[in-house]
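All remarks here apply to the structure that follows.
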Amino acid sequence: MNSQKGVISKGERMSESSGNPDAQTEKEVSAAKKWLSVKEAEALGYYDFMSYLGVPYYHTGGLASTKKLAELCRIDRTKKVLMVGCGTGFSACFLARKIGCEVVGIDIAELSIEKAKERDRRQGVSDRVKFRVGDAYALPFEAGTFDAVITEFVSQFLDRGRAFKEFARVLKPEGYVGINEMYKEERIPPKAAEEIAYAEKVFREITGLPFSLSTPEEWKKGLEEGGLKDVNVRKFRPSPGPGEVKALMEGMGGSWKFSRYFAELILKMGKYYLFSRTIRYRFNRLGEGKKILLRKKSTSKYVGYVLATGIKE
């Protein structure tokens, strides 16, 4: 989800990969260092920068929604799961540890994949989790390989007509596609609709990716046009609570590691926010957009996330 080539979809970025999962660009090699200079940090796209900071995930609903989506997709320890757009591998490792299933994660961002590989080694799940650079529109797997294909805040950026058909191709018969993606209501008062459109514009500007919220009906139609049956779209409102913090601690290996992670995250973010006008601008703009979509009462009531599932014909 690197934004350095302008406003193109994550899938298009995936298609530009070199085909060598172990290759790293010079920029990504520099990003693997523990501390980047301000100039190096500014040169990274939004999601590469977030991966460098160590942000565990981006999807609305947190780990509670990850667990719920796994339940809806009937994932148990006997299943093989593909996570498209896995980021730094937090959800993939979480499912492997929590459920015991086999998980393969792919992402276009090579830095994210390197971070994901570090994570599975630290958490001792390398026997159940594998990560590789991959193309959402041309998945490097044979047909009928997986029991479930999952995305979390990823299908948002894809050409669904192409992506969902490809997801279905690699599924076994009766396998599930499960998505956690944001939505907006179909009917929104003009003033709120204008503010939500502004927030969408902000996200497009900062991430360099196409960002336009779909309605639940549009998500349903997209999955059905991808060749999936029994499509079910469930709407949720963000409701973070103490349970999410507990799940994060568990996912990071305990309260001590959790505390260390947040201390380092705050230290890094503070450094770049203080010394980089560019990064300060990005964070402030993103804060504007998030407030409109997730916290402002007059607008956030028209926005949420869907857990949607469909079964391969």
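Computed from a predicted structure; not experimentally measured.
No side-chain N or O of S155 forms a donor-acceptor pair with one of R160 less than 3.5 Å apart. At a cut-off of 3.5 Å, with distance as the only test, no side-chain donor of E181 or S214 sits close to an acceptor on the other residue.
Checked by atom type and distance alone, the side chain of K184 never pairs as donor or acceptor with a backbone atom of V303 at under 3.5 Å. Looking at R119, its side chain never comes within 3.5 Å of a backbone N or O of E114 through a donor-acceptor pair. Panel note: side chain K130, backbone S126; a donor-acceptor pair is recorded below 3.5 Å. Looking only at distances, a side-chain donor or acceptor of Q156 sits under 3.5 Å from a matching main-chain atom of S212. A donor-acceptor contact shorter than 3.5 Å links the side chain of R204 to the backbone of F211. With hydrogens and angles disregarded, no donor-acceptor distance shorter than 3.5 Å links the side chain of R122 to the backbone of K117. Panel note: side chain E40, backbone S37; a donor-acceptor pair is recorded below 3.5 Å. Remark: the backbone N or O of Y273 is paired with a side-chain donor or acceptor of R280 at under 3.5 angstrom. Between the side chain of S276 and the backbone N or O of I279, at least one donor-acceptor pair lies under 3.5 Å. In this structure a side-chain-to-backbone donor-acceptor pair under 3.5 Å is missing from K172 to G144.
Put simply, the side chain of N180 does not reach to within 4.5 Å of the side chain of F153, judged on heavy atoms. With a 4.5 Å cut-off on side-chain heavy atoms, S65 and L307 count as touching. Between D76 and K79, some side-chain heavy-atom pair lies under the 4.5 Å cut-off. Taking 4.5 Å as the limit, every side-chain heavy atom of L95 sits out of range of all side-chain heavy atoms of K67. In this structure, the side chains of M269 and F283 come closer than 4.5 Å at one or more pairs of heavy atoms. You'll find the side chain of L82 stays beyond 4.5 Å of the side chain of F167, heavy atoms only. Between T309 and I179 the shortest side-chain heavy-atom distance does not fall below 4.5 Å. Between L286 and N284, every side-chain heavy-atom pair lies at or beyond the 4.5 Å cut-off.
Among all heavy-atom pairs drawn from L72 and Y176, the shortest one is O-CE2, 3.5 Å. Pairing each heavy atom of V233 with each of A308, the nearest pair is CG2-CB, 3.9 Å. Closest approach of E225 to K165, counting heavy atoms only: O-CE, 3.5 Å. For R285 against E205, the heavy-atom pair with the smallest separation is NH2-OE1, 2.6 Å. The two residues V154 and T151 make their nearest non-hydrogen contact at CB-CB, 3.9 Å. For I196 against T299, the heavy-atom pair with the smallest separation is CD1-O, 3.9 Å.
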With side chain to side chain contact (heavy atoms under 4.5 Å, CB included) as the criterion, how do Q123 and C93 come out once you've worked through the C-alpha distance, each side chain's angles and the decisive distance to 0.1 Å?
CA-CA 8 Å; Q123 297 192 2; C93 291; 3.4 Å; yes
Step by step, would you call I150 with V81 a side chain to side chain contact (heavy atoms under 4.5 Å, CB included)?
CA-CA 7 Å; I150 287 177; V81 181; 4.1 Å; yes
Could you give me the CA-CA distance, side-chain angles and deciding distance for C86 and I113, then say whether side chain to side chain contact (heavy atoms under 4.5 Å, CB included) is met?
CA-CA 8 Å; C86 63; I113 292 298; 3.8 Å; yes
Using side chain to side chain donor-acceptor pair (under 3.5 Å), reason through S112 and S51 one step at a time and then give a plain yes or no.
CA-CA 6 Å; S112 292; S51 293; 2.6 Å; yes
Apply the test side chain to side chain contact (heavy atoms under 4.5 Å, CB included) to residues K312 and E174: give CA-CA distance (whole Å), side-chain angles for both, the deciding distance (0.1 Å), then the verdict.
CA-CA 5 Å; K312 182 174 181 177; E174 301 300 310; over 6 Å; no
Given salt bridge (charged side-chain N to carboxylate O under 4.0 Å, His left out), test R169 with E166 step by step and report yes or no.
CA-CA 5 Å; R169 181 187 68 80; E166 181 65 356; 2.9 Å; yes
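Geometrically, R162 engages Y137 in a cation-pi contact defined by less than 6.0 Å to the ring centre and at most 45° from the axis. Geometric assessment of K268 against the ring of Y52 yields a positive cation-pi assignment under the 6.0 Å and 45° thresholds.
More than 12 heavy atoms of other residues, nucleotides or ligands sit less than 6.0 Å from atom NZ of K271. Atom NZ of K229 sits in a crowded spot, with more than 12 heavy atoms from other residues, nucleotides or ligands closer than 6.0 Å.
Rounded to the nearest 0.5 angstrom, I292 CD1 and S300 OG are separated by 10.5 Å. Atom CD of E42 and atom OG1 of T278 lie 4.0 Å apart (nearest 0.5 Å). In this structure, the separation between CE on M83 and OG1 on T66 is 6.0 Å, given to the nearest 0.5 Å. Rounding to the nearest 0.5 Å places CG of L44 at 13.0 Å from NZ of K39. Here the straight-line distance linking atom CG of L53 with atom CG of L36 works out to 9.0 Å at 0.5 Å rounding. Distance CZ/R128 to CD1/I99: 11.0 Å, rounded to 0.5 Å.
Under the side-chain contact (heavy atoms from CB on, under 4.5 Å) criterion, E185 pairs with Y183, I188, K235, Y302, not counting sequence neighbours. Under the rule for a side-chain contact (heavy atoms from CB on, under 4.5 Å), the partners of K80 that lie at least two apart in sequence or sit in another chain are E102, V104, T145, F146, D147.
Side-chain heavy atoms closer than 4.5 Å link hydrophobic residues (I, L, V, M, F, W, Y) into clusters, and following such links, even through other members, never connects I75 to I311. Hydrophobic cluster membership differs between I266 and F49, with clusters built from Ile, Leu, Val, Met, Phe, Trp and Tyr side chains linked at under 4.5 angstrom. Residues L209 and M50 are members of one and the same hydrophobic cluster, defined by side-chain heavy-atom contacts under 4.5 angstrom among Ile, Leu, Val, Met, Phe, Trp and Tyr.
Using cut-offs of 30° and 60° on the angle between ring planes, the pair F94 and F90 is parallel. Note: W35 and Y272 have tilted aromatic rings, judged against thresholds of 30 and 60 degrees for the angle between ring planes.
Between K221 and E217, no side-chain nitrogen of the basic residue sits less than 4.0 Å from a carboxylate oxygen of the acidic one, so the salt-bridge criterion is not met.
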